[in-house]
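Just below is one structure, and these are the notes that go with it.
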There are 2 protein chains.
Amino acid sequence: MVRSEAGKKQVAVRGAGQDGVYEDRTLIDQLVADGELSDPASTRGRLLNCGARLFQQKGFARTTVRDIGAEVGILSGSIFHHFSSKEEILRCVMEEVIRFARARMAAAVAAEEDPRDQLRACIRCELEAVHGHSVPGFSILVLEWRSLSSESQASVLRLRDSYEQIWREVFTRLGRPLDDPALSRRLIQGAIAHTHNWFRPEGKTLSLEGLSGQILAVFAPE
Amino acid sequence: MVRSEAGKKQVAVRGAGQDGVYEDRTLIDQLVADGELSDPASTRGRLLNCGARLFQQKGFARTTVRDIGAEVGILSGSIFHHFSSKEEILRCVMEEVIRFARARMAAAVAAEEDPRDQLRACIRCELEAVHGHSVPGFSILVLEWRSLSSESQASVLRLRDSYEQIWREVFTRLGRPLDDPALSRRLIQGAIAHTHNWFRPEGKTLSLEGLSGQILAVFAPE
DNA sequence: TTGCGAACCAAGCAAGTGCTTGGTAGTTTC
DNA sequence: GAAACTACCAAGCACTTGCTTGGTTCGCAA
């Protein structure tokens, strides 16, 4: 709620900014320059970041436009100068989340050659996204899907498919564990998304790295 | 818990009742007689069944007490003669869903001897539950978990653990795919729950039986 | 200087929300 | 047969919700 001129410094590499801002600075800057993401320092960008965090924490229905405005430091009515409706905020959050996650994962896959290592990179990427590192708001894609109108769903779905395509290509190259790469992807997608409900990275017993290995062991045993 | 009246073949009366009532008559009757489920013909039972269906269709937040009352045929205020709050309806729905799903799966497991067949039975059971056959409202357990207060979550969690215990025992007997049965369960739980978002049983390409086989192939390859 | 539009405020509307209150039939209990 | 209880209705209260409206400030360009 306190207006913190925080927009400027955000040099944060690891350790998110006040609004839960993305971490990877160079990638962000590139995407902002390409017009794929809103500038996180702008009011619109801050509304999206705060919205993402609140939607993830409390859920879309339990988050009010007054909540979002208060965190950004403007009144609720002023939000509608930037977005035409509350639902549009959710849709834009989802779109930016997908664009960022897609760019991140594409880079991670391109850094590997062996298909199994590529799968490992995908798993790691999505796990980090689900657990709030690197891509805040990622789990909203699953949790709040039904909060979108069917028109918005169709729009977001097209974008999302370009993200899924990366996964499917990796499973195709791997040729496992099922004949149908799309089906493999859907099963692993559910398994990873569900870790949001039980896995706590701070728990000492199993690290996120260790969890990646276990999931890999199931979907691509050696 | 281990209601092993299993071999009784469960003469499922396919075709739900007016309120989308459970299918397996004999099992239901037994659980009602034991006081584990509300009589689906009573007002309370009908409120729970209607609530379950509406919560699943529209989500908890988007379902109003007026919606529920209208479906049952009473005014919204009268609901609070049976439940102290809207949230209590959700909690009771979840509890009854768990009790029924637990009894159904225990019976299915007890009917098999080979651990791999037992796993297949579990997968089949939970897939049917998730997709609205046999256990209406099952997916509420995942989708609306955050709509419960933390006290209610703790209460439901205890009950739910007795359901999860069945899964863990099966994975323990199977000794696959991971060393940790609880972890295996959580991964397969996510994979199965997520099918709710994409699998359509009426689609000709892949039946629910076929899907069961594919999931089994991943988590317990021959 | 003047004009203009972007960004925001202050106030509030209309529609809904969960839940309460006071009351009334019908049934059961003693 | 009076009392108590169950299950419900009719009405509405207190509050929250997304969003609108009219007006103000301020940077910037002509």
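What you see is a predicted model; the values in this text were computed from it and never measured. Letters A, B, ... are given to chains in the order of the sequence lines, protein chains preceding strands, and every chain is numbered from 1.
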B/Asp39 CG to D/dA7 C1', in whole Å, measures 16 Å
For atom CG of B/Leu75 and atom P of C/dC19, their distance in whole Å:
16 Å
Say whether, by atom type as modelled, one donor and one acceptor occur between the side chain of A/Arg62 and the main chain of A/Lys58 under 3.5 angstrom.
yes
Taken to the nearest whole Å, CZ/B/Phe55 to C1'/C/dG18 is 12 Å
Near DNA chain C, which residues from residues 80-89 of chain A have a heavy atom under 4.0 Å away?
A/His81, A/His82
What is the separation between atom CG on B/Asp67 and atom C1' on C/dG18, rounded to the nearest whole Å?
13 Å
Please tell me if the side chains of B/Phe171 and B/Ile188 come closer than 4.5 Å, counting only heavy atoms from C-beta onward.
yes
Does one side chain, of A/Ser152 or A/Ser149, offer a donor that lies under 3.5 Å from an acceptor on the other?
yes
Starting at the 5' end of DNA chain C and moving along, which residue's nearest nucleotide shows up first, A/Gly77 or B/Thr63?
A/Gly77
Report yes if the side chains of B/His196 and B/Ser139 come closer than 4.5 Å at any heavy-atom pair, otherwise no.
yes
Can you tell me if A/Asp34 uses its side chain to pair, donor with acceptor, with the backbone of A/Glu36 under 3.5 Å?
no
From NZ of B/Lys58 across to C1' of C/dT17 the rounded distance in Å is 13 Å
Presence of A/Ser78 side-chain N/O under 4.0 Å of C/dC9 phosphate oxygens OP1/OP2
yes
A/Leu54 CG to D/dT17 P, in whole Å, measures 13 Å
Separation of atom CG in B/Leu47 from atom P in C/dG18, rounded to whole Å
14 Å
For B/Ile74, report the nucleic acid contact type (base, sugar-phosphate, nothing); a contact means any heavy atom under 4.0 Å.
sugar-phosphate
Mind checking B/Thr43 for me? I need base, sugar-phosphate or nothing, with any heavy atom below 4.0 Å counting as a touch.
sugar-phosphate
Over all strands shown, is B/Gly69 touching base, sugar-phosphate only, or nothing at heavy-atom distances under 4.0 angstrom?
nothing
Going by atom types only, do B/His131 and B/Thr195 share a side-chain donor-acceptor pair under 3.5 Å?
yes
Here the distance between atom C1' of D/dA7 and atom CD1 of B/Ile79, to the nearest Å, is 13 Å
hbond_proxy A/Arg66 side chain to D/dG18 base (donor-acceptor, 3.5 Å cutoff):
yes
For A/Phe80, is the NZ or CZ atom of A/Lys86 found under 6.0 angstrom from the centre of its six-membered ring and inside 45 degrees of the ring axis?
no
